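None of the values given here were measured: they were computed from a predicted structure.
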Amino acid sequence: MALLLVGVIVVNVVKQLVPRIPEAFLLIAMGWGLSFMPVFHNFKLEPEFFMLLIIAPVMFIDGQKQSFANIRKRFQGIFLLSVVLAVVTAVVVGLITKQIEAQWTFPLALALAAIVTPTDAVAMKSMTGSNEMPKGVGEALELESLFNDATGLVLLDLALSVLSKGTFSVVQGIGHFLFVAVGGVVIGIIGGFLLVMLRFNLNRHGKNPELTTIPISLLTPFAIYLLAEHFGRCRSWD
């Protein structure tokens, strides 16, 4: 992890020297270079570890910059891009993959497409940050990239379900999507509100509030993620 952080720092320095190259490409090149180091041979990064320690804080920081007013204003566009377009793209990519890899079944190809189709907000900003884009288009793409993970997760879950059980249910898929998307938003709002109220009261009544509010701020994205994961696992057990 220390080497990965050093790699990110080096990329940030190089980015200042070659601003025309998207940061995502520089990070990919750095990852490729680090892969030749012996410490990374046979290295395996667990998905849960990656989601908790990397994705959760990065997405939390980016989500903090958004406003409900913009989301409400552009909700229709966000839905079309993050749900309809993501599903269509995943299906098309799955069909093409099935044609290329003839031995693959369509559910397996769809599972791969569901993994690679959703774009995250950080990658989108790194690709478009150095280019001038219409304000409305840039905001729409950034907001879409915050919500399309739910679509990708549901598609992946459905594809894996078909692979293991051999059955497909549209109703189950829609219900799972609502649980992942709406449930995640609700847990984020409630958990975030409670933590903000806690920080506010500590700032107001505490003698040295920074000693507690700073650790709480650092731990907030991890706490919200673990809370959402807890409810998700409880539902899967049911």
Side-chain angles (χ1 to χ4, degrees), residues 1 4-5 8 44-72 74-75 78-79 81-83 86 111 114-115 117-125 142-161 171-206 208-238:
M1 290 302 299
L4 293 177
L5 292 175
V8 172
K44 182 180 179 181
L45 182 61
E46 294 295 334
E48 292 80 6
F49 183 85
F50 176 76
M51 292 290 291
L52 174 63
L53 295 185
I54 298 178
I55 296 299
V58 169
M59 296 299 291
F60 177 81
I61 293 172
D62 201 75
Q64 275 190 314
K65 302 175 184 177
Q66 309 303 327
S67 68
F68 282 108
N70 284 338
I71 295 174
R72 184 171 59 251
R74 304 185 182 279
F75 179 77
I78 294 172
F79 179 81
L81 289 173
S82 62
V83 179
I115 294 172
T117 294
T119 56
D120 63 85
V122 178
M124 191 282 300
K125 290 177 65 176
E142 187 172 347
L143 291 171
E144 179 271 340
S145 61
L146 287 172
F147 288 91
N148 63 11
D149 285 335
T151 304
L153 289 172
V154 172
L155 285 175
L156 176 61
D157 186 72
L158 289 177
L160 295 178
S161 176
V171 175
Q172 180 183 359
I174 295 175
H176 189 51
F177 173 80
L178 292 175
F179 176 78
V180 172
V182 179
V185 171
V186 171
I187 291 174
I189 291 175
I190 296 175
F193 176 79
L194 293 175
L195 288 171
V196 168
M197 290 299 297
L198 176 61
R199 288 162 50 186
F200 175 79
N201 284 284
L202 289 173
N203 276 324
R204 187 175 180 180
H205 303 291
N208 296 307
E210 66 278 0
L211 297 180
T212 52
T213 55
I214 292 177
I216 290 175
S217 299
L218 293 174
L219 293 175
T220 294
F222 308 110
I224 298 297
Y225 174 82
L226 291 174
L227 182 64
E229 279 289 290
H230 172 73
F231 282 100
R233 288 173 181 171
C234 288
R235 181 179 184 272
S236 64
W237 292 338
D238 294 339

Minimum heavy-atom distance between Tyr225 and Leu52, given as atom pair plus value: CD2-CD1, 3.5 Å
Test side chain to side chain contact (heavy atoms under 4.5 Å, CB included) applied to Ala159 - qualifying residues, sequence neighbours left out: Leu110, Ala111
Separation of Arg199 CZ from Ile214 CD1 (nearest 0.5 Å): 10.0 Å
Which atom of Leu156 lies closest to which atom of Ala114, heavy atoms considered: N-CB, 3.6 Å
Point-to-point distance, once rounded to the nearest 0.5 Å, from CG of Leu219 to CG of Leu195: 9.5 Å
Closest non-hydrogen atom pair, Thr220 against Phe60: CG2-CZ, 3.5 Å
Test side chain to side chain contact (heavy atoms under 4.5 Å, CB included) applied to Phe79 - qualifying residues, sequence neighbours left out: Val83, Val84
Minimum-distance pair of heavy atoms, taken over all atoms of Pro57 and Pro221: CA-CB, 3.8 Å
Side-chain heavy atoms of Leu202 within contact of Ile216, under 4.5 Å: yes
Phe179 versus Phe231, closest heavy-atom pair with distance: CZ-O, 3.9 Å
